[in-house]
Amino acid sequence: MIVYDHKKIERRWREQWARARLYQPRIATPRVGSAAVSGEIATPRGKPSNNSLRRGKPYYNLMMFPYPSAEGLHVGNMYAFTGSDVWGRYMRMRGFDVFEPIGLDGFGIHSENYAIKVGQHPALQAKKSQENFYRQLGAIGNGFAWENRLETYNPEYYRWTQWIFVQLFKAGLAYRQEAPVNWCPSCKTVLADEQVLQKEVQKVQKVQEVQEVRKEILRLSGGSRTTRSAQDDNADLKSVSASSSEEGKEDTNVQRMQKETVGVCERCETPVEIRKLKQWFFRITQYADRLLENLAKIDWDEKVKAAQRNWIGKKAGIVIKYQIANSKNESDYIECFTTRPDTNFGATFIVIAPEHPLLQKILRYAQDDKQKKQIQDYLAKSLKKTAQERQQEGTKKTGVFTGFYAVNQVNNESLPIWISDFVLMGVGTGAVVGVPGHDKRDFEFAQAVRLPVKRVVVGPDGDRSEITKISQVQEEAGTMVNSGFLDGMEIQKAITAMMDYLEKKRWGERTFTYHLRDWLISRQRYWGPPIPMIYCKECASKGLSWFTSDEASQIQANSKHQALNSKQNLNSNAQKSKDLGFRIWDLEFPASMAGWWPVAEEDLPVKLPYVEDYQPRGEGKAPLEKAGKEFLEVKCPGCGARARRETDVSDTFLDSAWYFLRYPSIGGDKGNKGDKGDEGKELPWQPEVTRRWLPVDMYIGGAEHSVLHLLYSRFLWMALYDMGYFDFSASNGARLPDGQGPALGWEEPFTKFRAHGLIIKDGAKMSKSKGNVVTPDEYIEKFGADTLRMYLMFLGPLRQGGDFRDTGIAGMYRFLEKVWRMYTEPSEYSEDSEDLKVRRSEDQKVGGSDSPNLRLSGSLSNPSFPRLKYIGIKTTPELKRKLNWAVKRATDGMEHLKYNTAIAAVMELTNKWRQTRNEVQEVQKVQEVQKGNQISDIINHKSYRQSTEGMESMEGIGGKGRTGSPSSASSPSSAGRSSSDHGVLSYEDAGRVLKLLAPFAPHMAEELWQRLQSTKSTRGTRGTRGTRSTKSTESMEGMESIHTQAWPRYEEDALKSEMVTVVVQVNGRVRATIEIKNEKLKMKNSREEVVEEAKRNQKVVPWLEGKEIRKTIWVPGKLINFVVG
RNA sequence: GCCGCGGUGGUGAAAUUGGCAAACACGCAGGUCUCAAAAACCUGUGAGCCUCAUAAGCUCUUGUGGGUUCAACUCCCACCCGCGGCACCA
């Protein structure tokens, strides 16, 4: 017997596949007369093969590329890649020309930090990592299109990353601004909002804070009735403390419970600080609405869509203007955004953020020096605080009165204007109208600084009393009171009524707020693409920039930026654009852009210079500041004066936001070059190729990129689309599975997205600190990639992840060994029966003709024909049915990414196959013994008779096999033909089983498939194309890979057994099962007959005895339920 | 607090349209083979009860409590727990 040598097999096939370019799809549209069209190698040229799937429609199967930052890939990565590859292989077998590219996201902080850690220059480290990662990625046996790989640090790639930056700049979607930004003191760089995580930390409270909390507890427990002074509170506290015997307990309790959340760096978990720096931003907020609305139309995991909705955070509300009371100037007003204008009659104050622009005026006009000093002190204190400190203070409110009042025009009341750092400038308008009666946060502030509380809503509890406790603050539901024209209305109705009223009076304007902020691009780091911008002092002093150039006005004149220029794309973010000094839709000159010029497209890439001292310095200075004159000094593209390059590099997420666009256009006869666009300009992608392959059909990746990568990619795609860089209009909806284009008119880059789950190890999360990171290498070495793939996919649904345990993988190896044996184990019965000898000679006469009889008889003329134990000429009917069942279940499992069920189906099938074979063997043994003289005994043997009956009517899939007896697993009814048939599954069907296995265990499936094919070809049976040698397992020449074969089909009819099991219930409880003939169900009175049979059933009778059957439920072919009383 | 996903044997899990809960595995137990072990193969394996025992049978069981239905892991209502996202968001 041949041993299953996984190492040899896997190495061999990986080489063969590469040589045959099996996984290189036909990237370009086929050209007439072209001999060497990519991906056509495996098919004999000029001879179209109906078995060839290489002409299928394009299918772009994308997996998130890895960042090669650490020691290598672990089994978690392996899990994800395999999951994606299984899908790709399945789609290939479904007839698509599948493109499954791979690359490395090697630029960026991940890789740089790792390089710093191991003390290696990032450029050198990248080479090492690249080698290691590609080796690992090769070892897992995925069907990658290796010729199309890319690395983000390759100048040929980042040339185009920079190109994209330039395009966004020219479209007004990139801008530079001083802004408070998240600063990681450890990574010494700024972070996008998305890169700051909220982390809960345990914090032991200081005594002072404990007292604050205790005060609150006293209030909550009803200790105080009315708003009181701090002195009162203290007095109260003392007396209670003195009388309380449980004081100590309470203290520790408070200490234990205290938890805080801090913003930390996504990579190193260092608490983030806030700094003000001049930075480049991408105007993603301009796309907030489209990014939000399109979510409803794309086929993505709900989880990911929800995360994006949360992140975009659109809320409807109204901006209300409050006039400053003691100012005659009409432009002196405060704008407050609120979602709850219904409570406006309950407003008792206004609070503004310490960064609010109005404060400049307030300080200028403030009369009282003492108050001015107070304000300045407070501002100094709170502006010094980091966001982290502001947040850590939690619900503890502080504030200072400005001395100014605003007018609430709905009731002409004066609202004192306060400053507090709980109000954030970045949220809404940076000013809040305080309704302490119906907002818990406002209530806390009112209590802290002793402002009045007014009730305007009566909640469902009916409480109409004065609001003195936070538990009385009604936020959600109720009826309006003390609110003039709103009285008696439910709050929802009142919101609308008040909005209508305010808009009519022109005191307010309906609008939306968004949580989404513009995308911060600048990084003061080394390992990234230099931002391709040039700053010219000369131009700056004259107020010149690219936006004043001829090119800019040309673009403005015949703008392609349709969507950006159209009114309908404006939203409340227009407000923010205005604040920045320019609007993109009319390309008004932006003041902050003075002196800035993009590097000309033909001068790209701006190569990252080699800098010895690449480590981040902090203080907002980039390592490239040390790059030397050759890099830093450059001629101004505008005036020709000496100018300076930007030294920041761009965010890693920009590298990965467009890589899927690049993949198809790499390689082939184009090499790594771009292509001429419609206007003769070079583009990062070949328009024809892009039309053919994009958008991505299936994207699989981690849920951790729900907002970062996936949102940025969508934004970039939309922006480029709006700029007119993709033209799908004339193309190819036809390439999609159902001949439909995406519902969105190609506005989205990823038609389908699925998030894979995570792999844990023995119940614990894998992490370097725990030292339980599992690398695939050792398992591939020991068990092979096929076993590891199978094991990982069998753990559970792909979206769910699973727990990696060593015992489980050994079990999977056993399974594959079993399968191996079934395809290689020779039959122990070498003697031919008389019957077979006769047929043999007949076959020899027929020779190689295409007689259909050949299939049934099988030519045994070649002495090398391996006679296998488990594979023969015919498939027994019961196995045929099981095969159909398994195909159905496996197909279903594939479609829903529940690979575990697909594998289980194949397992069941092979179990059945072996079991059936064992039963046949029993018969054969009997025959061997009784050979010749006791034939009649054999013929009378029950199972032999049954099986021959079955064989006669069986023909191909969907054949009307019959077992002639109730099918129960233990009876030997499924025994195949006697000794003339050495096996119970036909060669065709054995091939079908391999096909089901092929996506999971691609190497073994290929090996066994080729063995099976060579066997067939030496037998001279049908299915041979071209000449095949018995050496074909050594070479793919002239062979067709199993991976381009059609996925098996199943026939509904073939699933039906002769006998059907009907469950008999009494009052919903199973009491018996009865077997009836399938045919019986088709008869007119089948119901009556089956019900009668059920009633007579021995096991059912006692349950019906003496009871009246009130109702009988009949689910045809499945179940009977007697309802008795 | 809001949004999303989930909760089924000792473990990973399965259950298609509301129709036999626990398929397929892992683990465990027993057996065959063996001087022995490993491997391989076979058998058993949700819990409880009845029974001398066997055969068979009965009851219970899908986070909790209700409901709809002849019938609920599946649908509805309320709640609990876990994971993930957002959050002094106005």
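These values consider heavy atoms only, across backbone and side chains, with no hydrogens, waters or symmetry-generated copies. Below, chain A is the first sequence line, B the second, and so on; all start at residue 1.
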Exercise for the section: May I ask you to verify if any side-chain N or O of A:Arg1071 is less than 4.0 angstrom from the OP1 or OP2 atom of B:C58? Expected result: yes
Handout entry: N or O in side chain of A:Arg309 less than 4.0 angstrom from B:C2 OP1/OP2
Key = no
Problem - Residue closer to the 5' end of RNA chain B, A:Gln800 versus A:Thr1073 (nearest nucleotide) - result: A:Gln800
Practice task
Could you tell me the separation between the CG atom of A:Asp439 and the C1' atom of B:C2, rounded to a whole number of Å?
Solution key: 15 Å
Practice task
Round to a whole Å and report the spacing from CE of A:Met425 to C1' of B:C88.
Solution key: 16 Å
Problem - In B:G84, glycosidic geometry as syn within 90° of 0 or anti otherwise - result: anti
Practice task
Select one nucleotide: of B:A90, B:C3, B:C88, the one nearest the side-chain heavy atoms of A:Ala306.
Solution key: B:C3
Problem - Closest to the A:Pro797 side chain, choosing from B:G19, B:G85, B:A13 - result: B:A13
Completion exercise
Between CZ of A:Arg805 and P of B:U11 the distance, given in whole Å, is 10 Å
Problem - Side-chain H-bond candidate by donor/acceptor type, A:Tyr378 with A:Thr398, under 3.5 Å - result: yes
Problem - Whole-angstrom distance between B:G63 and B:A72, as gauged at atom P - result: 15 Å
Practice task
May I have the distance from A:Ile903 (atom CD1) to B:G12 (atom C1'), rounded to whole angstrom?
Solution key: 13 Å
Practice task
Starting from the C-alpha separation in whole Å, work towards a yes-or-no answer on salt bridge (Lys or Arg N to Asp or Glu O under 4.0 Å) for A:Glu475 and A:Arg340.
Solution key: CA-CA 10 Å; A:Glu475 290 183 320; A:Arg340 291 293 305 278; over 6 Å; no
Practice task
Hey, can you tell me if A:Phe445 and A:Trp418 have their rings parallel, tilted or perpendicular (30° and 60° cut-offs)?
Solution key: perpendicular
Problem - A:Asn408 side-chain N/O to A:Leu415 backbone N/O, donor-acceptor pair under 3.5 Å - result: no
Problem - Of the listed nucleotides B:A90, B:G85, B:G4, the one nearest the side chain of A:Val423 - result: B:A90
Problem - Aromatic plane relationship, A:Tyr779 with A:Phe783 - under 30° parallel, 30 to 60° tilted, over 60° perpendicular - result: parallel
Practice task
Give a yes or no on whether a donor-acceptor pair under 3.5 Å exists between the nucleobase atoms of B:C20, that is its base, and the side chain of A:Lys1118.
Solution key: no
What does the list of N/O pairs under 3.5 Å between the protein and nucleotides 38-45 of chain B look like, with a distance for each?
none

Practice task
Using a 4.0 Å heavy-atom cut-off across all strands, classify A:Val427 as base, sugar-phosphate, or nothing.
Solution key: base
Practice task
Select base, sugar-phosphate, or nothing to describe what A:Gly802 touches, counting heavy atoms under 4.0 Å on all strands.
Solution key: nothing
Practice task
For A:Asn911 and for A:Lys303, locate the closest nucleotide of RNA chain B by heavy-atom distance; then report the residue assigned to the nucleotide nearer the 5' terminus.
Solution key: A:Lys303
Fill in the blank from the handout: note: A:Met812, atom CE; B:C26, atom P; distance rounded to Å ~ 8 Å
Practice task
Classify the angle between the aromatic ring planes of A:Tyr899 and A:Phe1000 as parallel (below 30°), tilted (30 to 60°) or perpendicular (above 60°).
Solution key: perpendicular
Exercise for the section: Could you work out the separation of B:A14 and B:G46 based on their C1' atoms and round it to a whole Å? Expected result: 15 Å
Exercise for the section: Using the P atom as the reference point in each nucleotide, state the distance between B:G19 and B:A71 in Å, no decimals. Expected result: 14 Å
Problem - Chi angles and distances behind the ring-ring contact (aromatic ring centres under 6.0 Å, His included) call for A:Phe804, A:Tyr791 - result: CA-CA 9 Å; A:Phe804 190 95; A:Tyr791 171 64; 5.3 Å; yes
Completion exercise
Side-chain atoms of A:Leu424 come closest, of B:C20, B:C58, B:A90, to B:A90
Practice task
Can you tell me the distance, in whole Å, between the CG atom of A:Leu792 and the P atom of B:C26?
Solution key: 16 Å
Practice task
For B:A39 versus B:C58, give the span between their P atoms, rounded off to a whole number of Å.
Solution key: 40 Å
Practice task
Kindly say if A:Arg1069 contacts the phosphate of B:U59, meaning a side-chain N or O under 4.0 Å from OP1 or OP2.
Solution key: yes
Handout entry: Cation-pi, A:Trp885 ring and A:Lys882 (6.0 angstrom, 45 degrees)
Key = yes
Completion exercise
Stems with RNA chain B, 3 or more Watson-Crick or G-U pairs in a row (under 3.5 Å), are B:1-7 with B:80-86, B:10-12 with B:24-26, B:27-32 with B:40-45, B:46-49 with B:57-60, B:63-67 with B:75-79
Exercise for the section: Using the C1' atoms only, state how far B:U51 lies from B:G57, rounded to an integer number of Å. Expected result: 10 Å
Completion exercise
Rounded to whole Å, NZ of A:Lys440 lies from P of B:C89 at a distance of 12 Å
Problem - Lys/Arg cation over aromatic A:Trp311: A:Arg714, 6.0 Å, 45° cone - result: no
Exercise for the section: Please state whether the phosphate of B:A15, meaning OP1 or OP2, lies under 4.0 angstrom from any side-chain nitrogen or oxygen of A:Lys898. Expected result: yes
Problem - Options B:A25, B:A90, B:C20, nucleotide nearest the side-chain atoms of A:Lys315 - result: B:A90
Problem - Validation row: A:Asp786, A:His6 side chains within 4.5 angstrom (heavy atoms) - result: no
Exercise for the section: Please determine if a side-chain N or O atom of A:Gln308 lies less than 4.0 Å away from the OP1 or OP2 oxygen of B:G85. Expected result: no
Exercise for the section: Find the distance A:Lys397:NZ to B:A90:C1' and express it as a whole number of Å. Expected result: 12 Å
Write down the protein N/O and nucleotide N/O pairs, taken from nucleotides 70-76 of chain B, whose separation is under 3.5 Å; answer none if there are no such pairs.
from: B:C70; atom 1: OP1; to: A:Lys1111; atom 2: NZ; distance (Å): 3.1
from: B:C70; atom 1: O2'; to: A:Asn1121; atom 2: ND2; distance (Å): 3.2
from: B:C70; atom 1: O2; to: A:Asn1121; atom 2: ND2; distance (Å): 2.6

Exercise for the section: Would you sort out whether A:Asp299 and A:Arg754 count as a salt bridge (Lys or Arg N to Asp or Glu O under 4.0 Å), showing the intermediate values? Expected result: CA-CA 9 Å; A:Asp299 180 11; A:Arg754 293 291 179 272; 2.9 Å; yes
Practice task
Please check if the side chain of A:Gln474 supplies one atom and the backbone of A:Glu476 the other of a donor-acceptor pair under 3.5 Å.
Solution key: yes
Exercise for the section: Rounded to whole angstrom, note down the C1' distance from B:U17 over to B:U69. Expected result: 16 Å
Practice task
Name the orientation class of the two ring planes belonging to A:Trp300 and A:Phe753 (parallel below 30°, tilted from 30 to 60°, perpendicular beyond 60°).
Solution key: tilted
Exercise for the section: Run the numbers on A:Glu825 and A:Lys818 for salt bridge (Lys or Arg N to Asp or Glu O under 4.0 Å), then give the verdict. Expected result: CA-CA 10 Å; A:Glu825 199 170 332; A:Lys818 266 184 231 168; over 6 Å; no
Problem - Atom P, compared across B:A56 and B:G44: separation rounded to whole Å - result: 12 Å
Practice task
Have a look at A:Trp1103 and say if it touches a base, only the backbone sugar-phosphate, or nothing, with a 4.0 Å heavy-atom cut-off.
Solution key: sugar-phosphate
Problem - More than 12 heavy atoms of other groups within 6.0 Å of A:Glu509 CD - result: no
Handout entry: C1' gap between B:C26 and B:A13, integer Å
Key = 10 Å
Handout entry: Shortest side-chain distance from A:Val432, nucleotide among B:G12, B:C5, B:A90
Key = B:A90
